[in-house]
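Side chains are part of it too, since the values below use all heavy atoms of this structure and drop only hydrogens, waters and symmetry mates. If you read the sequence from its start, that first residue is 1, and numbering goes on from there. Indexing begins at 1, ligand by ligand and atom by atom, following the structure's order.
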Amino acid sequence: MLATDDPKQQRIIGDFPILAKPTSRGKRLVYLDSAASSQKPQAVIDALVHFYTNDNANIHRGVYELAERATADFEAAREKVAQFVNADTPEIIWTRNTTEAINLVSYSWGLANLYPGAAILASQLEHHSNLVPWQLLAAKTGAELRFLEVDAEGRFKLEDLDRKLRGVKLLAISHISNSLGTIAPLDILIPRAHAAGALVLVDAAQSVPHMPVDVKRLDVDFLAASGHKMCGPTGIGFLYGKRALLEAMPPFLTGGDMIREVAYESTTFNELPWKFEAGTSNIADAVALGTAVDYLTGVGMDWIRNHERALTAYALERLRMLEPRGLAIYGPREEQRAGVISFNLADIHAHDLASILDTEGVCVRAGHHCTMPLMRRMGWPATARASFYLYNTEDDVDALVTALEKAARLFKVA
Ligand code: PMP
C-alpha cells in the first residue's frame, strides 16, 4: 500500500513536521527532492536540541562527567552507523559529507599509491564529488583517469570491463546515480575489479539512505555517505574503510585529536578511527545522525527500498501517459533504477518547469545535478528530477503529474 491511508505510511508522514506546513501559496508541500537532501523526523530534531540542552561539551578531552557523556554519545553514534552498514566501529571515520570522505581517500590513499602508468576507473555517471578529486589526483600523480561508459538510458556497458580495468588501482563508482537513478551492478564490478588488482570505492550517497547496504557482503574497500540525505543533519557524513587499508594510510588533515604524542620535532598519530579526525568534530550532528540511523532501522531498510521501488514503478507508469504531450523520461527501466526520475517537458527549460511545479507545492530539482559531463554525454542542457523517500506517496506522484499537466497547458506544448 502506498497511499496515505496506510497506517504505517501515515505514521511516517507524521514523523516529519515540515510535511505538515503548507507552502506560502497554501499548497500541500510535495517534497520530491530527497536526492538533494532529505527532510528530518522530529526524533532527529529533538536529538540535536537534547544534546545541546543536556550533554554538550567537547569530546575526548575533559575528565568531568559532562565531557564523558558527550564523548559516549558521540562514540555510540559511530557504533550505530557501523552496525547500520555492517562495519567494525573503528572503520567508520566521521567526515562532513560524502565529498569530504572521497577527498580523504584521494589525498591520503591516492597520493601514496598512484603513479604514472597506474589508472583510476570511474563511470560516466559520476557526481562531481566522485570525479573532480580523481581528476586532481591523476594530474598530481601522473595516473590516468578512465571512464566506464553508459548507454543512452544510463545503463552500464560492461563488454569492455576487463580491458578498462587493466592497470587500474582504484575503481571509484557511485552505487546509485543521483541524475538517472541507475543502480550500479556492484556484484559484478567489485569482484572483477578485485581480480584485476584494484581497490573499490563506492560513493553511496544515494544508496545508504534508501536500501540495505552491507560493506562486508559487498566486499567494498571504501564507502562514502552523507548524513543529510538519510534523515540526519547537514555537516556530518562518514567514510568506511577496511581496517588494514586505513591503518596503512597517512593522516589526511592534521592537528588536535588525531595525535598520540607530539614533540616540537615530530608527531605520532592516534589509532583508528581518530587518526583521521583532526580538530573538534561535528559532535551534535554526529549524535543526531545516530538517532537518524535508529529511526531508519525502526522503519526498516527493506521496507524503504520496497516502498520506493513500488512508488517509482507507479510514477513511471503515470508519467509515461504524458509522453504524447512531450514528456521525455530519462534513465533505465524499473529493475535497474532507484527512486530517481529525470525528465524534460517538450522544450520548456528545466528551471522554468521546476518553477511552475513549485507554484503547486511540488519541489523538484532542476539543472545538471552536479553531473555536467553526463548531461553533455547525453546531449541534455538540463533535466528536472523527482526523487522519492520513505515519506512520499502515490498522492505526491499524482500531484507531480497534475502540476506537469498545468505546465503543459501554460506553455501550450500539448
Ligand atoms: N555523490 C552523489 C551520488 C550524490 O548524489 C551527492 C549529493 N548530491 C554527492 C556525492 C555529494 O554529497 P555531499 O554534497 O553531501 O557531499
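In terms of protein heavy atoms, atom 5 (O) of ligand 1 is closest to Gln206 NE2, 2.6 Å. Counting protein heavy atoms only, atom 16 (O) of ligand 1 is closest to Thr99 OG1, 2.5 Å. Looking from atom 11 (C) of ligand 1 to the surrounding protein, the closest heavy atom is Ser129 OG, 3.4 Å. The protein atom (non-hydrogen) at minimum distance from atom 7 (C) of ligand 1 is Lys229 NZ, 2.6 Å. Distance from atom 4 (C) of ligand 1 to its nearest protein heavy atom, with residue and atom name: His127 CD2, 3.4 Å. Considering only non-hydrogen protein atoms, atom 10 (C) of ligand 1 sits nearest to Asp203 OD2, 3.3 Å.
A heavy-atom separation below 4.0 Å is not found between Arg96 and ligand 1. Under the 4.0 angstrom criterion for non-hydrogen atoms, Glu100 is not in contact with ligand 1. Under the 4.0 angstrom criterion for non-hydrogen atoms, Asn130 is not in contact with ligand 1.
Aromatic pair Phe252/Phe276: centroids not less than 6.0 angstrom apart. Taking the ring centroids of Tyr295 and Phe16, they lie under the 6.0 Å cut-off.
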Could you walk me through whether His368 and His128 pass the ring-ring contact (aromatic ring centres under 6.0 Å, His included) test, one step at a time?
CA-CA 10 Å; His368 52 66; His128 299 160; 5.7 Å; yes

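Using a 4.5 Å cut-off on side-chain heavy atoms (C-beta onward), Phe222 and Leu104 make no contact. Residues Val364 and Asp33 fail the side-chain proximity criterion, which asks for heavy atoms closer than 4.5 Å.
Ring planes of Tyr391 and Tyr389: perpendicular class, angle over 60° (limits at 30 and 60°). Using the six-membered ring where Trp is involved, Trp274 and His60 have ring planes that are perpendicular, over 60° apart on the 30 and 60° scheme. The aromatic rings of Trp94 and Phe74 lie tilted to each other, with the angle between the two planes from 30° to 60°.
Heavy-atom proximity to Ser226, at under 4.0 Å, picks out these atoms of ligand 1: 12 (O), 13 (P), 15 (O), 16 (O). Near Asn97, the atoms of ligand 1 lying under 4.0 angstrom from a non-hydrogen atom of the residue are 13 (P), 15 (O), 16 (O).
Note: no N/O pair closer than 3.5 Å links Ser174 and ligand 1 by distance alone.
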